[in-house]
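Quick notes on the structure that follows.
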Amino acid sequence: MDEFYNPQQIEAEAQAYWDRMNTFRAREQAGKEKYYCLSMFPYPSGRLHMGHVRNYTIGDVIARYQRMQGKNVLQPMGWDAFGLPAENAAMKNNVAPAAWTYDNIEYMRNQLKSLGLGIDWEREIATCRPEYYRWEQWLFTRLFKKGLIYKKSGVVNWDPVDQTVLANEQVIDGRGWRSGALVEKREIPMYYFRITAYAEELLAGLDTLSGWPEQVKTMQRNWIGKSQGMEMHFPYAEGEGVLKVFTTRPDTIMGATYVAVAAEHPLAAQAAENNPALQAFIEECKKGGATEAELATQEKKGMASGLFVRHPFTDELLPVWVANYVLMGYGEGAVMAVPAHDERDFEFATKYGLPIKAVIRPVDGELELPLKAAYTERGILFDSGEFSGLDFDQAFARMAEILQAKGLGQPRTQFRLRDWGISRQRYWGCPIPIIHCDRCGDVPVPDDQLPVVLPEEVVPTGAGSPLARMPEFYETTCPQCGGAARRETDTMDTFVESSWYYARYASPDTNQAMVDERARYWLPVDQYIGGIEHAILHLLYARFFHKLMRDEGLVQGDEPFINLLTQGMVVAETYYREEAGGKKHWFNPADVDVERDEKGRVVRAVLRADGQPVLIGGIEKMSKSKNNGVDPQALIDRFGADTVRLFIMFAAPPEQSLEWSDAGVEGAFRFLRRVWKLVSMHVAGGPAPELDLPTLTPAQRDMRRHTHEMIAKASDDIGRRYNFNTAIAAVMELINELYKFEDPSPQGRAVMQEALEALVLVLSPIVPHICHVLWRELGHERAVVDEPWPRFDPDALTRDAVELVVQVNGKLRGRVTVSATASREETERAALAEPNVQRFVEGKVPKKIIVVPGKLVNIVV
RNA sequence: GCCGAGGUGGCGAAACUGGUAGACGCGCCAGACUCAAAAUCUGGUGGUGGCGACACCGUGCCGGUUCGAUUCCGGCCCUCGGCACCA
């Protein structure tokens with residue numbers, strides 16, 4: 001056996017073995033328990049980044065662990081290949097997005113392979129391939145016919161200079177990123193998935209997902225946002241009709257002093273017809289982007305419309321205001337305003353001098369008037385006519401009766417969730433399979449004309465969709481009447497592709513169906529792993545799609561992902577210098593040296609190139625903009641994939657953010673070298689004899705206990721807790737013990753052999769290459785990848801004596817060692833006899849003695 | 001603004017069900033080896049005081065519950081993720 005650890009050679013050898021044996025090819029096997037382990041597929045941005053490496057290493061460790069549990073494991077990989085970055089790169093480099101994307105896939109596939117992931121590469125898919133998106137289009141046409149997809153107008157960011165729709169990401173400080181023009185809101189027709197039809201089920205389904213993190217389920221619950229409330233109708237003061245509002249606080253209605261409508265509300269447009277000032281205000285509301293964060297943080301502004309409505313209970317006239325804080329997309333696009341009991345209304349009323357009328361008081365007290373802030377708790381109604389004295393529930397019930405009798409409203413369930421607009425005015429996406437015919441309307445493309453193929457030799461310009469300028473693409477005939485017609489040129493949101501790829505992996509090669517019967521074997525996904533940033537949108541859309549496909553008879557079960565692991569981000573230190581004008585120039589951590597004082601504290605950082613200091617900018621997510629990304633490839637080339645995998649799994653538990661540390665990587669490399677050396681020294685002594693347990697010395701039994709304690713801890717940490725960092729720490733402790741255990745006797749060597757085998761098996765999911773070779777060197781013919789997970793021997797864990805901590809009044813005062821079988825009385829006696837404990841108990845009478853067996857004794861005096 | 005997380009030595013972290021705060025690693029200090037350096041090995045390493053045994057302080061801040069709180073409860077501060085067209 002080589003004396004030195006040579007990762008390059010070992011990793012090439014192990015990977016060649018897995019390739020040759022088709023180790024990771026997954027086949028349906030009746031009778032064998034399947035395990036579908038899926039990591040979120042990457043966007044082919046060019047090169048693997050550390051977040052990818054983390055994601056796929058976690059997935060691979062779980063997949064390999066489950067394989068050792070005897071499961072039939074599927075771990076596939078593919079490419080989320082449509083998207084905006086390809087268009088940006090295309091414009092920058094004047095290459096077609098398709099060519100750029102395929103090049104990136106080629107490069108990144110090789111990078112993934114160098115990580116030694118146990119992937120079944122035969123199942124690789126790319127969402128930009130017609131074989132894939134054809135089925136997305138097929139499903140679209142089915143859903144369109146069912147009414148689960150429909151067309152309506154929606155708000156987008158409009159760049160008036162470039163004459164194009166901008167993604168939220170392309171709006172920077174309210175301006176278009178290329179033109180610098182002030183962005184406006186604009187309404188355009190779009191196709192929508194009727195996800196709200198599944199709102200109730202998407203909400204209820206969360207309760208069945210016991211394998212999901214509570215925080216993700218909470219976020220989805222809040223996102224769906226089911227609320228019980230009241231629809232109320234405010235009759236117009238003049239003319240026919242009512243203004244509908246939705247409120248969760250009907251009990252406050254007697255404190256309503258005005259109503260407010262969104263700038264896009266039809267009533268606002270009507271009022272503006274003869275009101276140039278209002279018209280100007282509505283125009284002003286169109287300025288700025290369309291994101292909720294922007295709308296929620298902007299200064300609240302409004303203008304009286306001049307119109308009035310009647311209070312549904314009192315007939316009192318209430319002014320109608322147009323306000324920028326009312327969202328057209330939620331509820332009715334109109335609210336009743338109760339400044340005394342709603343924070344936004346309070347702020348608005350204070351600003352514009354509108355009346356504030358308090359009608360709710362705390363259950364056990366009075367309101368301090370005048371109000372300094374809105375009182376938003378539920379309480380008891382007062383100054384509310386016949387409703388005075390009622391609580392929320394009583395008021396709700398009574399008001400519902402009256403409103404229904406008058407025909408002016410009723411209780412209603414409202415969801416915050418909105419239908420999913422999927423039209424994108426972009427080129428590099430899946431074409432929406434609709435043909436517009438003047439006579440027949442919107443006609444879905446018939447099955448036999450699918451796929452609608454996206455032409456690939458196109459370089460976009462940044463101004464509108466190139467498809468809309470390509471008659472050869474959009475000129476077509478109507479499938480219904482045969483007349484001249486125009487093909488839809490919008491493409492779909494790329495979230496659509498990523499909503500069903502997990503199902504396609506089960507049958508990636510069929511050209512007969514979206515998914516075939518093999519999906520029944522593999523689905524649902526047993527373990528899904530990906531970034532926490534996908535907690536809401538992607539994961540909600542994928543759950544929605546699973547239900548759509550279920551209702552089409554394509555898949556079984558109600559949920560796609562049984563267990564979910566949301567990994568944290570990879571972050572790193574940032575370094576910069578300020579340039580003239582205050583602009584920051586960021587330096588990569590690889591080019592910076594850190595200087596420390598004699599206690600190890602960072603004193604300053606200098607740029608290696610010129611030896612001059614740079615400023616430390618704090619820990620940030622690895623990104624191009626802060627230039628703090630660390631290239632995984634350089635590290636793999638230098639230390640090997642095992643070292644990178646080990647560091648990533650050791651530095652933090654998977655759900656936390658991971659702070660990058662080059663020194664930590666070197667530490668991981670050092671550890672692997674220590675493992676290698678220990679095995680190499682042991683193997684040099686020739687084969688070890690069988691263990692003969694009754695003949696072991698106390699030191700050998702002790703060593704063996706360490707081995708089995710490690711197996712027990714690592715099994716629990718990896719199998720149940722997914723805390724790989726502490727499992728690795730347990731292995732490190734064992735290695736430290738083994739280095740101290742110098743026993744060349746035959747049984748000493750047998751104990752060592754058992755320890756090294758356990759250690760290699762436990763490490764093998766994390767650092768599979770080195771373990772592949774070490775296992776063979778330890779004398780095994782079968783590859784470690786095909787070995788079962790080790791079991792611990794409970795008999796090896798027993799101890800004769802235990803050390804207890806002794807506290808006096810909860811403060812640690814000493815330690816005592818007692819027999820493992822000591823009675824409570826013996827334990828108390830031993831604790832009280834401890835000299836330092838006596839000092840603190842002396843002269844006082846113990847009030848109470850608390851004994852936690854095996855842990856501590858607390859003497860209360 | 002709203003929703004969800006997080007905050008523990010010089011640094012990454014550990015402490016799983018309320019029971020020894022800091023396992024393991026990095027860094028740093030000292031020693032061994034070396035002509036020297038690197039590598040490697042050994043030991044030390046939360047702060048303050050003390051020759052020492054030890055003592056006091058210490059898990060973002062303020063308060064509470066408890067024999068005992070990093071852990072539970074109330075309030076606050078800061079950082080991060082998401083907010084529907086980045087993926």
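All values derive from a computational prediction rather than experimental measurement. Naming convention: chains lettered A, B, ... in sequence-line order (proteins, then strands); numbering from 1 in each chain. Only heavy atoms go into these numbers, but all of them, side chains included; no hydrogens, no water, no symmetry mates.
At a threshold of 4.0 angstrom between heavy atoms, the contacts of Gln807(A) include nucleobase atoms, whether or not backbone atoms are also involved. If you check every strand for non-hydrogen atoms under 4.0 Å, Met569(A) touches sugar and phosphate atoms only. Using a 4.0 Å heavy-atom cutoff across all strands shown, Arg813(A) reaches sugar-phosphate atoms only and no base atom. Glu533(A) comes within contact range of at least one nucleobase, with a heavy-atom separation under 4.0 Å. Residue Asp80(A) is in sugar-phosphate contact alone, with no base atom involved, counting any heavy-atom pair closer than 4.0 Å across all strands shown. Val806(A) comes within 4.0 angstrom of nothing in the nucleic acid, heavy atoms only. Here Met492(A) lies out of heavy-atom contact (under 4.0 Å) with every strand. Nucleic acid contact class of Gln215(A) (heavy atoms, under 4.0 Å, all strands): sugar-phosphate only. Within 4.0 Å of Trp660(A), counting heavy atoms only, lies no atom of the nucleic acid at all. Here Gln425(A) lies in heavy-atom contact (under 4.0 Å) with a base. Using a 4.0 Å heavy-atom cutoff across all strands shown, Gly421(A) reaches sugar-phosphate atoms only and no base atom. Counting non-hydrogen atoms under 4.0 angstrom, Lys713(A) reaches a base of the nucleic acid. Heavy atoms of Thr297(A) sit under 4.0 angstrom from at least one base atom. Counting any heavy atom pair closer than 4.0 Å across all strands shown, Phe495(A) reaches a base atom.
Side-chain N/O atoms of Asp717(A) and Thr726(A) include a donor and acceptor closer than 3.5 Å. Donor-acceptor pairing under 3.5 Å is recorded for the side chains of Arg674(A) and Asn736(A).
In the set A13(B), G19(B), A87(B), A13(B) carries the atom at the smallest distance from any side-chain atom of Pro653(A). Relative to the side chain of Thr726(A), the nucleotides A15(B), G12(B), A55(B) differ in distance, and A15(B) lies closest. In the set A84(B), G82(B), C86(B), C86(B) carries the atom at the smallest distance from any side-chain atom of Glu169(A). Nearest nucleotide to the Lys811(A) side chain, out of A84(B), G82(B), C57(B): C57(B).
Ring pair His538(A)/Phe495(A) is parallel by interplanar angle, where below 30° counts as parallel and above 60° as perpendicular.
Here, G60(B) and A55(B) have their P atoms 25 Å apart, quoted to the whole Å. Between A39(B) and A30(B), the two P atoms lie 15 Å apart (nearest whole Å). The gap from the C1' atom of C86(B) to that of C78(B) amounts to 27 Å, rounded to the nearest Å. Between A37(B) and C26(B), the two C1' atoms lie 22 Å apart (nearest whole Å). Atom name C1', nucleotides G1(B) and U71(B): the rounded distance is 32 Å, in whole Å. Across the C1' atoms, G9(B) and C29(B) are found 16 Å apart, a figure rounded to whole Å. Only the P atoms considered, C73(B) is 15 Å distant from G7(B), to the nearest whole Å. Comparing C16(B) with A21(B), their P atoms sit 13 Å apart, to the nearest whole Å.
Counting distance only, with no hydrogens placed and no angle test, the side-chain atoms of Asn222(A) and the base atoms of C3(B) include no donor-acceptor pair under 3.5 Å. For a distance-only test at 3.5 Å, the side chain of Arg221(A) fails to qualify as a donor-acceptor partner of the base of C3(B).
Of the residues in residues 661-672 of chain A, those lying under 4.0 Å from RNA chain B by heavy-atom distance are Ala663(A), Gly667(A), Arg670(A).
Atoms OG1 and CZ, on Thr494(A) and Arg424(A) in that order, are 7.5 Å from each other to the nearest 0.5 Å. Remark: Lys713(A) NZ to Ile718(A) CD1 distance equals 10.5 Å, nearest 0.5 Å. Summarising the geometry, atom CG belonging to Leu539(A) is positioned 9.5 Å from atom CE belonging to Met219(A); distances are rounded to the nearest 0.5 Å. Rounding to the nearest 0.5 Å gives a distance of 5.0 Å between CZ of Arg543(A) and CD of Gln220(A).
The strand RNA chain B forms stems, runs of 3 or more Watson-Crick or G-U wobble pairs with distances below 3.5 Å, at B:1-7 with B:77-83, B:10-12 with B:24-26, B:27-32 with B:40-45, B:46-49 with B:54-57, B:60-64 with B:72-76.
Side chains of Ser661(A) and Glu666(A) form no contact here, defined as non-hydrogen atoms less than 4.5 Å apart. With a 4.5 Å cut-off on side-chain heavy atoms, Ser423(A) and Gln425(A) count as touching.
You'll find the ring centres of Trp420(A) and Tyr192(A) outside the 6.0 Å limit.
Glycosidic torsion of G9(B) falls within 90° of 0, placing the base in syn.
Between Asn858(A) and U66(B) there is no side-chain N or O to OP1 or OP2 distance below 4.0 Å. Arg721(A) has a side-chain polar atom (N or O) that falls below the 4.0 Å cut-off from OP1 or OP2 of A15(B). Contact check, Asn725(A) against A14(B): a side-chain N or O comes under 4.0 Å of OP1 or OP2. Dashed line: the shortest gap from a side-chain N or O of Asn836(A) to OP1 or OP2 of C54(B) is not under 4.0 Å. Gln656(A) has no side-chain polar atom (N or O) that falls below the 4.0 Å cut-off from OP1 or OP2 of U8(B). The phosphate of C83(B) (OP1 or OP2) has no side-chain N or O of Arg416(A) nearer than 4.0 angstrom.
Closest approach of Tyr575(A) and Ala605(A) over heavy atoms only: CE2-CB, 3.7 Å.
Ion pairing between Glu709(A) and Arg799(A) holds under the 4.0 Å rule for side-chain N and carboxylate O. Salt bridge status for Glu214(A) with Lys217(A): present, with a side-chain N to carboxylate O gap under 4.0 Å.
If Ala652(A) and Val860(A) are placed on RNA chain B by their nearest nucleotide, the residue sitting closer to the 5' end is Ala652(A). Both Thr494(A) and Ala296(A) lie close to RNA chain B; mapped to their nearest nucleotides by heavy-atom distance, the more 5′-ward contact belongs to Ala296(A).
To the nearest angstrom, C1' of G68(B) lies 10 Å from NZ of Lys848(A). Regarding Arg424(A), its CZ atom lies at a distance of 11 Å from the P atom of A84(B), rounded to whole Å. We find that OH of Tyr739(A) is positioned 17 Å from P of C24(B), with the value rounded to whole Å.
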